[in-house]
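Here's the structure, in C-alpha cells; my notes come after.
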Amino acid sequence: MHTTLPPGQRALDHFPRFGATGMARRFPREARRIEIVVDGALREPLALDDAAWSRLPRQQQRSDFHCVTTWSRQGLHWSGVRFRDLHALLAARGLDASATLVVLRAQDGYHAALPLEDLLADDVLLADRLDGAPLPVEHGAPLRLVAPAHYGYKSVKHVKRIEFRRDDGSYRPFGPRFMSHARARVALEERGTGWPGWLLRWVYRPLIRPTVAHFSQAMAEYTGPR
Ligand SMILES: Nc1nc2c(c(=O)[nH]1)N[C@H]1C(S)=C(S)[C@@H](COP(=O)(O)O)O[C@H]1N2
Ligand SMILES: [Mo]
C-alpha cells in the first residue's frame, strides 16, 4: 500500500513502542479492563467500564501514525469507538458547550490536550484493538486515542481520564513548551512551539534510534499484567 508521507516524515517497516522521556519503564496498572472517568463540564462524572464501553457503536479504520520525531508507520488497522460517538453520549448527558478543550490523562502519568473540534473528526478513535488483536501493552492497553492528523504525542495511550474544560489557558502541556503545540497538525508540520517544524526535524531525528531501543528494552524486562 502506498500513501504519500507528510512533510519531513520517513516510513518505518515496523511499529515501535515509543513515548515521552521518562515513560519507558512506566506501565498501566490495569491493562485489560476499561476503567475510564469522563469529567469536567458534566453535571456529574461518567464512569465507563467494559459493560458501558461495549454498548457504544464500534468503528474500524486503516490509518497512518506519525511521531513528531519524524518516524511514521503506515496502514495500521485500528478498531474502537469514535471520539465523536462518545461525545454524542455526553452531549445527551448535559455536557457544557463552553468546554472546548479536552485533556486525556494516562495511567503512566502522561497527558495531552486537543481542541474538542479536532477530536470530533471522522478519523479520531478511542482504540481498543490493533491489527485484529486486543491492543497490546506496548501500544496503549487497554485503550488509547488515535488521532492520525496530529502528531503521535496527542495519541495518549493507557487512557484513564478524559476531562472536558474551558480553554482558559490553565492547562500546562506535558514536557518542555517548545516540544508541544496546541493542535500539532501533521500536514502543517506543527511539531512544536517557537521553532519551525522543519528545524525540529533535525533536532529529533538523532533521538529515534536510542529512544526505540530504550522503550523496547524496558518492554523486554516487563513482567506485569498483559
Ligand atoms: N500514556 C502515554 N501515551 C503516549 C506516550 C507516552 O509516553 N505515554 N507517548 C506519545 C508519543 S510521543 C508517541 S509517538 C506515541 C507512541 O505510540 P506507540 O508506543 O504505540 O508507538 O504515544 C504517545 N502517547
Ligand atoms: Mo512521539
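Ligands are counted one by one from 1 in listed order, and the atoms in each one are counted from 1 as well.
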In terms of the angle between their ring planes, are F215 and F18 parallel, tilted or perpendicular, with boundaries placed at 30° and 60°? parallel
Below 4.0 Å from any atom of ligand 1, is there a heavy atom belonging to [X]?
X	result
P16	yes
R144	yes
F65	yes
F174	no
E138	yes

Single-linkage hydrophobic cluster F15~V146, side-chain heavy atoms < 4.5 angstrom: yes
With no hydrogens and no angle check, is any side-chain donor or acceptor of [X] less than 3.5 Å from a backbone partner on [Y]?
X	Y	value
Q9	W71	yes
Y171	V102	no
R82	D122	yes
R105	Y110	no
H111	L104	no

Nearest-contact summary for [atom] - protein heavy atom, Å:
atom	answer
atom 14 (S) of ligand 1	C67 SG, 3.5 Å
atom 9 (N) of ligand 1	G19 CA, 3.3 Å
atom 16 (C) of ligand 1	F18 O, 3.6 Å
atom 24 (N) of ligand 1	S155 O, 3.0 Å
atom 8 (N) of ligand 1	D108 OD2, 2.8 Å
atom 23 (C) of ligand 1	G152 O, 3.2 Å

Check whether any N or O atom of K157, backbone or side chain, sits under 3.5 Å from an N or O atom of ligand 1, and answer yes or no. yes
What do we get for [X] next to ligand 1 when only non-hydrogen atoms under 4.0 Å count, side chain, backbone, both or neither?
X	result
A112	neither
F27	neither
H139	both

Best match, Y110, Y153, F215: closest heavy atom to atom 4 (C) of ligand 1: Y110
Grab the two heavy atoms, one from G109 and one from F174, that are nearest each other, plus how far apart they are. O-CE1, 3.8 Å
Heavy atoms of A218 and A24 approach each other most closely as CB-O, 3.3 Å
Quick one: do the H181 and T193 side chains pair a donor with an acceptor below 3.5 Å? no
Going by distance alone, is a donor N or O of one side chain under 3.5 Å from an acceptor N or O of the other, for R205 and T70? yes
Need the ligand 1 atom indices (1-based, order shown) with element for anything under 4.0 Å from a heavy-atom of [X].
X	answer
W71	21 (O)
R17	19 (O)
A106	1 (N)
M23	7 (O)

Under 3.5 Å, sequence neighbours excluded: what are the donor-acceptor pairs made by side chains of residues 86-101?
unit_1	atom_1	unit_2	atom_2	d
D96	OD1	S98	N	2.9
D96	OD1	S98	OG	3.0

